[in-house]
Novice: 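Here it is, the structure in full.
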Amino acid sequence: CVFCGEKPGTFRATTVACGGTVQTSCKSCEKELKGLDEAEICRRALVRGIAEYPDRIRDRIELLNTAEEHRPKCLRCGNPLTFMREQQLDNSPLKDSVFMETFDVLPAFCDSCGKYEFYNPTIVRKNKYLSHLIWKDTKK
């Protein structure tokens with residue numbers, strides 16, 4: 001197991017997606033890692049020094065950190081914005097909005113003050129850091 005160093009038995013071995021790679025793991029580590037974000041899983045894979053493709057994992061950690069630095073900030077309170085998932089839009093006051101039906105927009109919201117902001121999806125997807133954030137936020 002890349003995460004704990006134990007050698008899992010034939011039926012106790014599994015794999016975990018980690019930084020664009022697949023790492024061997026035991027079942028107990030897989031359960032423990034399920035609730036963690038990708039950056040933390042990558043960090044834990046590198047601790048023992050036995051991860052496959054460690055350079056790819058380090059590159060992914062760097063991308064994740066840089067993406068968080070580029071995350072848009074709320075214009076009202078300055079806290080980070082989160083891009084909305086389709087499921088979140090179902091309970092949103094924006095769902096039946098004429099604005100949402102008329103324009104192709106990518107909504108983002110602030111957990112702290114409740115402010116919504118709108119982004120042009122084409123421009124955001126061209127930015128490698130912001131497009132990574134969209135994928136990260138909508139994956140949850």
Novice: Any side-chain to backbone donor/acceptor pair from Glu6 onto Cys26? Under 3.5 Å, distance only.
Specialist: no

Novice: Can you see which heavy atom on Asn79 is nearest to which on Cys110, and at what distance?
Specialist: CB-SG, 4.1 Å

Novice: Please say whether more than 12 non-hydrogen atoms of neighbouring residues, nucleotides or ligands are located less than 6.0 Å from NZ in Lys31.
Specialist: no

Novice: Any carboxylate oxygen within less than 4.0 angstrom of a Lys/Arg side-chain nitrogen, looking at Asp59 and Arg56?
Specialist: no

Novice: Can you check side-chain contact (heavy atoms from CB on, under 4.5 Å) on Ser112 and Cys74, steps first, answer last?
Specialist: CA-CA 9 Å; Ser112 299; Cys74 176; over 6 Å; no

Novice: Say you draw a straight line from CG of Leu36 to SG of Cys42; how long is it, rounded to the nearest 0.5 Å?
Specialist: 11.0 Å

Novice: Shortest non-hydrogen contact from Lys73 to Glu68?
Specialist: NZ-O, 4.3 Å

Novice: Going by ring pair (Phe, Tyr, Trp, His ring centres under 6.0 Å), name the pairs with one or both residues in residues 42-63, residues two or more places apart or in two chains.
Specialist: none

Novice: Do the non-hydrogen side-chain atoms of Cys18 and Ile57 ever get within less than 4.5 Å of each other?
Specialist: yes

Novice: Could you check whether any side-chain N or O of Arg71 sits under 3.5 Å from a backbone N or O of Leu81, counting only pairs where one atom can act as donor and the other as acceptor?
Specialist: yes

Novice: Drop me the distance from Arg43's CZ to Asp37's CG, to the nearest 0.5 angstrom.
Specialist: 7.0 Å

Novice: Give the minimum heavy-atom separation between Thr122 and Asn120, together with the two atoms involved.
Specialist: N-OD1, 3.0 Å

Novice: Side-chain contact test, heavy atoms from C-beta onward, threshold under 4.5 Å: evaluate it for Leu130 versus Tyr119 and give yes or no.
Specialist: no

Novice: Under the side chain to side chain donor-acceptor pair (under 3.5 Å) rule, what pairs show up with a residue in residues 16-26, not counting sequence neighbours?
Specialist: Thr21-Gln23

Novice: With heavy-atom distances below 4.5 Å as the criterion, would you say the side chains of Leu46 and Ile61 are in contact?
Specialist: yes

Novice: Using a strict threshold of under 4.0 Å (side-chain N to carboxylate O), is an ion pair present between Glu40 and Arg44?
Specialist: yes

Novice: Do Val2 and Glu52 have side chains that get closer than 4.5 Å, going by heavy atoms?
Specialist: no

